[in-house]
Amino acid sequence: MLEIDNLTHVYGPGSPNEHRAIEGLKLSVAEGELLCIVGPSGCGKSTLLRSIAGLITPTGGEIRVEGELVRQTPGNLAVVFQDYSRSLFPWMSVADNVALPLRRRNMDKRQRREAAQEALESVGLEGAGRKYPFQLSGGMQQRVAIARALAYRPSLMLMDEPFGSVDAQTREDLEDLVLKVRGHHQMTIVLITHDIDESVYVGDRVVVLSKAPAHVVGDLRVDLPGPRDQITTREHPDFVHLRAEVGRLVRGVPAQATSA
Ligand SMILES: Nc1ncnc2c1ncn2[C@@H]1O[C@H](COP(=O)(O)OP(=O)(O)OP(=O)(O)O)[C@@H](O)[C@H]1O
Ligand SMILES: [Mg+2]
């Protein structure tokens, strides 16, 4: 689904402010996988995501989505950004926000409205279509952003710290929502988070990035018994072990044992 080879990105090359954000990053993601990427603050996670989404042109290396070299935003891709307050259009109703990207699909108005309603239902917001974003709580607005990505039926969904700005309870609800929708819709998800516990809780696999310039320093498979549950999964010995392992890798401490 996604193949990244020797990715390098330098901001302001040759300038006094030159910053090497990513260097020699290699990563592949299989179809249907839910991959979490964690790494220290400012290491280059969003730069990586923007490169995959074709929003910036990396200075080196190759990214392929479904075998196609990324030169602009791939048509089968949706992105959920961290800042929901800036990702929804305030002058559009919730339903219109969700239906907007469907204009790129070959769908008439009625089909777009139905798909939007269905996506809102799958995030538990079936009654909110006529409302405006400002009339919803932060967690609800983030669910609208997720519904918009789902309605588009992407084969690859990129999420950049999607639950960064909501309270702890809402965050857990949204994590479970992601697990639920990925069970219903066949898609590949790449989720960036700085939350180590979250990465192990939602991921099939966790990739750890180094400090800048970012490259892969750990790649762990998460084999936890399903269905995952906020209480029992988090106290499972494998969960406790994996989160310690990921924590060491993020902090640059040598791993005690490899689980991948
Ligand atoms: N447009 C830009 N121009 C110059 N430098 C940039 C630009 N965008 C990001 N950077 C720098 O690149 C580095 C990586 O930024 P990036 O946003 O990718 O990090 P991140 O891992 O997503 O951080 P966070 O954990 O805070 O979300 C940072 O040092 C940042 O200052
Ligand atoms: Mg970021």
Side-chain angles (χ1 to χ4, degrees), residues 2 4-27 29 34-63 65 70-74 77-88 138-139 141-142 145-146 148-149 156-168 170-171 174-175 178 189-203 205-220 243 246-253:
L2 173 64
I4 300 175
D5 194 25
N6 208 17
L7 183 72
T8 297
H9 190 67
V10 183
Y11 286 110
S15 79
N17 295 328
E18 178 178 293
H19 178 76
R20 304 190 75 77
I22 299 179
E23 194 158 84
L25 191 147
K26 204 173 153 40
L27 178 65
V29 186
L34 200 171
L35 173 76
C36 287
I37 298 180
V38 285
S41 182
C43 76
K45 301 182 293 296
S46 296
T47 304
L48 170 62
L49 181 127
R50 286 197 288 268
S51 308
I52 300 170
L55 299 172
I56 57 174
T57 305
T59 46
E62 269 187 11
I63 302 177
V65 171
V70 172
R71 294 180 204 279
Q72 52 184 4
T73 304
L77 177 139
V79 186
V80 177
F81 293 101
Q82 171 173 7
D83 190 355
Y84 56 80
S85 62
R86 284 193 300 175
S87 65
L88 302 176
Q141 290 181 44
Q142 192 57 312
I146 294 171
R148 180 170 61 189
L156 177 61
M157 179 151 92
L158 305 179
M159 308 178 92
D160 191 1
E161 307 221 14
F163 320 132
S165 27
V166 295
D167 62 89
T170 306
R171 187 180 190 116
L174 291 171
E175 288 166 2
V178 167
I189 302 177
V190 175
L191 187 150
I192 288 175
T193 175
H194 64 264
D195 185 322
I196 293 166
D197 286 35
E198 178 169 281
S199 71
V200 177
Y201 181 70
V202 297
R205 197 179 138 206
V206 178
V207 159
V208 183
L209 301 184
S210 67
K211 293 199 297 254
H215 56 273
V216 176
V217 290
D219 191 337
L220 297 95
R243 72 109 98 91
V246 174
R248 275 184 212 104
L249 288 162
V250 170
R251 286 173 188 84
V253 180

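Only this structure's heavy atoms are used, side chains among them; waters, hydrogens and symmetry mates stay out. Numbering of residues begins at 1 and proceeds along the displayed sequence. Counting starts at 1 for both ligands and their atoms, in listed order.
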Query raised in the report: Which bit of His194 gets closer than 4.0 Å to ligand 1, counting heavy atoms only: side chain, backbone, both or neither?
Result: neither
Report summary line: for atom 19 (O) of ligand 1, nearest protein heavy atom and its distance come out as Gly44 N, 3.3 Å
Query - Over all atoms of both residues, closest heavy-atom pair of Gln142 and Phe81 - result: NE2-O, 3.4 Å
Query - Close-contact set for ligand 1 against Arg50 heavy atoms, below 4.0 Å - result: 8 (N)
Report task. Could you pull out, from His9, Lys45, Lys211, Gln82, the option with a heavy atom nearest to atom 20 (P) of ligand 1? Result -> Lys45
Report summary line: The side-chain hydrogen bond (donor to acceptor under 3.5 Å, both in side chains) partners of Ser210 (sequence neighbours excluded) come to His215
Query raised in the report: Quick check: does Ser46 put an N/O/S atom under 2.8 Å from the Mg ion (ligand 2)?
Result: yes
**Report entry** Asn17, Thr47, Thr59 screened by side chain to side chain donor-acceptor pair (under 3.5 Å) with Tyr11, the one that passes
**Finding:** Thr47
Report task. Identify the heavy atoms of Gly54 and Val70 that sit nearest to each other, and give their distance. Result -> CA-CG1, 3.7 Å
Report summary line: Filtering Gly164, Gly39, Ser15, Gly42 for the heavy atom nearest atom 24 (P) of ligand 1 leaves Gly42
Query - Under 3.5 Å: N/O of Ala21 near N/O of ligand 1 - result: no
Report summary line: for atom 27 (O) of ligand 1, nearest protein heavy atom and its distance come out as Glu161 OE2, 3.9 Å
Query - Residue His19 vicinity, atoms of ligand 1 by number, heavy atom under 4.0 Å - result: 11 (C), 12 (O), 13 (C), 28 (C), 29 (O)
Query - Qualifying residue for side-chain contact (heavy atoms from CB on, under 4.5 Å) with Val190, from Leu158, Leu49, Leu48, Leu77 - result: Leu158
Query raised in the report: Got a sec, which residues hit side-chain contact (heavy atoms from CB on, under 4.5 Å) with Asn6, two or more places apart in sequence or on another chain?
Result: none
Query - Protein contact of atom 16 (P) of ligand 1 - nearest heavy atom, named by residue and atom, plus distance - result: Thr47 OG1, 3.6 Å
Query raised in the report: Can we say Asp160 and Lys45 salt-bridge, meaning some charged N sits less than 4.0 Å from an Asp/Glu carboxylate O?
Result: no
**Report entry** CD/Gln72: more than 12 non-hydrogen atoms of other groups inside 6.0 Å
**Finding:** no
Query raised in the report: Considering only protein heavy atoms, which is closest to atom 17 (O) of ligand 1, and at what distance to one decimal place?
Result: Ser46 CB, 3.6 Å
Query raised in the report: Can you check whether Phe163's main-chain N or O pairs, donor with acceptor, with Arg171's side chain at less than 3.5 Å?
Result: yes
Requested in this report: Determine whether any heavy atom of Ala212 lies closer than 4.0 Å to an atom of ligand 1.
Outcome: no
**Report entry** Check: Ile56 main-chain N/O paired with Ser51 side-chain donor or acceptor under 3.5 Å
**Finding:** no
Report task. Pull out every atom of ligand 1 sitting under 4.0 Å from any heavy atom of Ser41, numbered as shown with elements. Result -> 25 (O), 26 (O)
Report summary line: heavy-atom search around atom 1 (N) of ligand 1 in the protein gives Tyr11 CE2, 3.7 Å
Query raised in the report: Would atom 31 (O) of ligand 1 count as contacted, meaning some protein heavy atom under 4.0 Å?
Result: no
